[in-house]
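Below you'll find the structure, written out as structure tokens, and then a few comments.
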Amino acid sequence: MDHASACRSTPAPVLSVVVPVLGEEEHLGECLDSLRGQALTGIEIVLAGQGAGAVRDRWSSVVVPEGRDAGAARNAGAERARGTYLAFAGADSVVPTGAYRALVESLEVTGSDLACGRSAPLPVPLSVGRTPGETVEDSAWLPGTDGVGVPRTHITRLPQLIHDRSMANKVFRRTFWDEHRFRFPDGVPADFPVAIPAHVLSRSTDVLADVVRLCRPAADEPADPERRLAAMLDVSALLERHDPRLRTHWDGEVEEAVAEVLDTAAVRRDLGGLWALAPALATLHPHAADGSTALRRLMFFLLIRGMAKELSEVQRFAGEQVMDCGVVRRGLLRPRWFHDYPFLYDDRISDEVFSAAHDLKLRARVDDVRSGGDGVVRIEGHAYIAHLGSRRSRLELWLQRGGERIELPVTRIPRPDVTANSRQSAVCHDMSGFATEVAAHDLRSGRWTLHVRVSAHGVTRSGRAAGARSAGERTFSAGGVRVTLTREDGLVLRAAAHPAPAPHPGDQVTAVEWTDADELVLSGVGDGDGDRIVAACGAERHEWPLRREGGRWSATVGRTAGGLPLRSGTWRVSSGGRWLRLSPGLVAELPGPRTTPIHEISFRTNLAGELSLAVRPALGPDERGRRATLRRRRGGPFHGGPAGGLLRGGGRLGDAALFDSYGGGQYSCNPRAISEELARRHPGTELIWVTRDGQFAPPPGVRTVLYGSREHEHALRTSRFVVANRRTQPSWYRKRPGQLFVQTWHGTPLKRLGRDIGAMPYAQRDLDGDLERYAAMWDVLISPNPFSTPILRSAFGFPGEVLNSGYPRNDVLFRQEQGARVRRLLGVPEDKRIVLYAPTWRDGEPGARGDLRLRLDAGRAVDALGDDHVLLVRAHYLVADRMSVPPGAIDVSRFPDMADLLAAADVLVTDYSSALFDFACTGRPMVFFAYDLERYRDEVRGFYFDFEADAPGPIVRTSDDVIEVLKYGDPSSYKVRYDDFRYAFCPWDDGRASERVVSRMLT
């Protein structure tokens, strides 16, 4: 019996639950298990989406719509659903056992159109038998309801429901759904376009206090910002028709969305889609933008009045100059501060648009607190008013408990780092620092908090001092007072109120020491049983031996197994599966930072005393930040200068070459090949490599300079040659007369670049001004093949010399001994077949939360391919630090050079990476795991040619298909296409491209 016949012969279900399935959902099984285990009988599960057909589930009906997004899937699922009630579950969520019964029974009793309940976070101890009402640490519910259910209410009586925008915590009466023909709009992966209208249009809503949904944190799905804004405007219009009071709050959020659209549109040449929304935006509440920054108010004003030329100028200003622009004081009788933005003196625009009143905010932070002995608490921090200089500011500190306050003495201390960290150059905050002391014994019982008042240039601001991000969070006792520092509450002193917490089990650090080699020696006591110290940052982990003797232990944290220092980031330190904790004495007297030639390493802890190491590049205040950038643009000297003396005008060009691969991230790619050829051909040239984080070991005879440092500036201004493979030179750099700048780029373009990206909604773009500035510095642009030459010219707007040399990085692919050398380095025997999986990155991935998941099921691939295969996984360098590689595969994401891996690989599995053009030089087989081909091609980046027609190997969509092709595929079936591909993209690759480039440099 087919599905349609079965539907006609069975009674309608009580509830239909639509689950969108787009493919590769990691936790779908848990979701479906929770739905099958519901206490409510008569549930129909509808799987909808492009990936639904691949789910083998006999309990569910399946519908595969034409659209590729979740909205299209849910619309199709709702049309197929037959239940009296309708719900939508997320594939990453779990529904507690009694949730749907509670929601449906409420609707049965009250007759309401809609019922909703709480959402709570996962992970929790997973039990699909959890019932609504159980105690769960849940996410914030509606303010003002006090956790109590409210039946038969409405958004007009409970305005807080405007914050209830999820669809996964609701059950709809189906007749209500059909009456209003609800649909999810295309290209808007959000629930509010249906959730809020449902609240407004319902005759009544039941609000339950029960937890009806357990969900995992998820990264925001990419969305076309203009489509999202259009959907928000539709909601605004609906609210205006039904309850204008609700619209007032909503329109403030619409204005925030407008700002996001303007930010995105700033780098597009076509603003047509944005201007089409201007008439609707003009109907927003008159005060919707009042709480926004002046810059946003200005752009909003120009947009809704159709001032296109002026808006374009302000957008360029916002992208390039706003952080270097200050405020001005205007007015004779009552002078006020205004932002010195474009059109400030234009009579068409009200002065109020430029008012800085909302932007002159207090910035007060506690940077350090420690026990000074004898019951004294020492506090350091900084405080200033944004946009106003601090040199002549007045600063007051006090402790407050209710209406009682204790004035504190203030010592002003220089803090040039505050200016460097302020992300602006218009004003100086070097004198914003303060230090004070509190005699803990003198505090009366109660909770005391630190407050600050700053007066500068006729403006006064006061408030609580928050905790600085760099200070971490910690708590300790001093003189009978409990001292607590947190990001949100800042400094809190509790006198004679709370005893010190009991010690935690495990290992405790009691002493720290640095060696001359910048190794950290930790020692302590504890009952742990671990024999290794582990430092973890994202998906990256490193280990060192831990030595125990009696109840004491010690360990040395130094270079990693690859001989490199820890990269920048925050590293949590553990042993035996437990985080190491600092002793109370170390928490109260946290050790100061250690500065190495590459890094500054600081100790961090939290309220539990757990140890972290915060690592960042060792750049001083005069080497980082907008103010340092402005000084460099103007050609000003350092205070103290590099080893060669003060730099005024840049010094003389020397016989040196400066190399930059991926912004100082690697010793690799075309710059490496050119560097090594230059060393062979012209050994008198000094070779200098830029390193951003010390994550590569250069060969003997090569000097490194830290990106952004004095030495880097000196090298950029005095080297005869500058060779780079990305647009990563500092914004202040201007090429010197007599310098030769060679831009090699880093791949044949399949994906659209630079100006050619156009209006792809999800792609990251460069400002046109940035492209022009970068391209103007280049003397020679390297082209890998005839196909690339016109594309590179167009994408970068480069009219200069293009050297048709082929890619120097591919020279190693013509050296037979290179593959064998790499195999030995990796420990892979000659009789093993090496499969290299090297996907590219997706625009938006660096902004995703948490670790990224490898799309290829590497564990299953290793098992299926057997012992005669070795799977290497090379994550893209932009996301490698957050990409977890499962056991069985070899993670080569940090292997120095991709070209060496290609030389060793027998098969390449990739997607849209430029590595496919390089690997074609070898003639070895390729497999293309393009699970998101249509979306990547049509929405994310776009292609320069028909990838499906020209790819020199099979294009597959699932992990199973990849495994099938690797085991049983016939590479010879692609021989003709492969030969055509090599003819088009590899005609200049012969192993001598480096020679041609260096010959051009030396002429």
Side-chain angles (χ1 to χ4, degrees), residues 470 514-521 533-544 556-573 593-604 612-621 623-624 642-643 657-669 671-672 675 686-716 719 723-726 728-730 825 846 875-883 891-898 900:
S470 60
W514 289 97
T515 70
D516 292 340
D518 295 318
E519 295 177 321
L520 173 61
V521 180
I533 288 285
V534 178
C537 180
E540 189 173 349
R541 292 165 55 90
H542 298 288
E543 300 182 356
W544 299 268
T556 299
V557 177
R559 291 185 170 263
T560 68
L564 302 173
L566 293 176
R567 63 172 175 83
S568 292
T570 300
W571 297 83
R572 296 193 68 180
V573 185
R594 173 79 170 190
T595 301
T596 75
I598 297 293
H599 290 124
E600 179 186 277
I601 306 169
S602 302
F603 293 88
R604 298 283 184 270
S612 297
L613 299 175
V615 182
R616 72 175 190 180
L619 298 176
E623 295 175 311
R624 55 186 171 84
L658 180 67
F659 295 89
D660 180 339
S661 180
Y662 299 109
Q666 298 178 7
Y667 176 77
S668 67
C669 196
R672 172 195 169 188
S675 177
E686 181 186 13
L687 304 179
I688 308 170
W689 273 74
V690 179
T691 179
R692 190 178 291 268
D693 212 21
Q695 295 304 290
F696 63 81
V702 172
R703 179 166 69 91
T704 60
V705 293
L706 182 62
Y707 188 100
S709 66
R710 303 179 182 197
E711 290 76 14
H712 184 200
E713 179 176 2
H714 186 269
L716 275 172
S719 294
V723 181
N725 70 347
R726 282 188 65 206
T728 52
Q729 285 60 56
L825 286 174
H876 193 278
Y877 71 94
L878 287 174
V879 296
D881 60 328
R882 294 183 293 111
M883 185 71 75
D891 185 359
V892 291
S893 302
R894 292 165 188 84
F895 194 84
D897 198 337
M898 176 67 168
D900 291 336

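- Taken from CZ in Arg692 to CG in Leu706, the straight-line distance is 9.0 Å, to the nearest 0.5 Å.
- Side chain of Trp544 to main chain of Arg559: a donor-acceptor pair is present (N/O by atom type, distance under 3.5 Å, no hydrogens or angles).
- For Ala715 against Leu658, the heavy-atom pair with the smallest separation is CB-CD1, 4.0 Å.
- Put simply, CD on Gln666 and CZ on Arg894 are 11.0 Å apart, with the number rounded to the nearest 0.5 Å.
- Between Ser719 and Ile688 the shortest side-chain heavy-atom distance falls below 4.5 Å.
- A salt bridge links Arg567 with Glu540: the distance from a Lys NZ or Arg NE/NH1/NH2 to an Asp or Glu carboxylate oxygen falls below 4.0 Å.
- Heavy-atom minimum distance, Gly708 versus Leu619: C-CD2, 3.8 Å.
- With sequence neighbours excluded, the residues that form a side chain to side chain contact (heavy atoms under 4.5 Å, CB included) with Thr691 are Ile598, Phe696, Thr704.
- Atom OG of Ser568 is separated from atom NE2 of His599 by 4.0 Å, given to the nearest 0.5 angstrom.
- Partners of Phe895 under the ring-ring contact (aromatic ring centres under 6.0 Å, His included) rule, at least two apart in sequence or in another chain, do not exist in this structure.
- More than 12 heavy atoms of other residues, nucleotides or ligands sit less than 6.0 Å from atom CZ of Arg703.
- Residues meeting the side chain to side chain contact (heavy atoms under 4.5 Å, CB included) test with Arg572, sequence neighbours left out: Trp579, Asn606, Glu610, Ser612.
- Looking at Ser675, its side chain never comes within 3.5 Å of a backbone N or O of Pro671 through a donor-acceptor pair.
- What you find for Thr595 and Ala618 is that their closest heavy atoms are CG2-CB, 4.0 Å.
- Here the closest non-hydrogen pair linking Arg672 and Tyr667 is CG-CE2, 3.7 Å.
- The two atoms that bring Pro593 and Ser602 nearest to each other are CB-OG, 3.4 Å, heavy atoms only.
- Considering NE2 of His714 and OG of Ser709, their distance stands at 11.5 Å, rounded to 0.5 Å.
- Applying the side chain to side chain contact (heavy atoms under 4.5 Å, CB included) criterion to Leu520, with sequence neighbours excluded, gives Val512, Trp514, Leu522, Val557, Phe603, Leu613.
- Gln695 places no side-chain N or O within 3.5 Å of a backbone atom of Pro896 that could act as its donor or acceptor partner.
- What you find for Leu566 and Val615 is that their closest heavy atoms are O-CG1, 3.8 Å.
- Scanning for ring-ring contact (aromatic ring centres under 6.0 Å, His included) contacts around His712 gives Tyr707, with sequence neighbours left out.
- Judged by distance alone, with hydrogens and angles left aside, the side-chain atoms of Asp660 form no donor-acceptor pair with the main-chain N or O of Val690 at under 3.5 Å.
- Cys669 contributes atom SG, which lies 12.5 Å from atom CZ of Phe659 (distance to the nearest 0.5 angstrom).
- The side chain to side chain contact (heavy atoms under 4.5 Å, CB included) test applied to Ser893 returns Ala875, Ala880, Asp891, not counting sequence neighbours.
- Judged by distance alone, the side chain of Ser661 and the main-chain N or O of Ser668 form a donor-acceptor pair under 3.5 Å.
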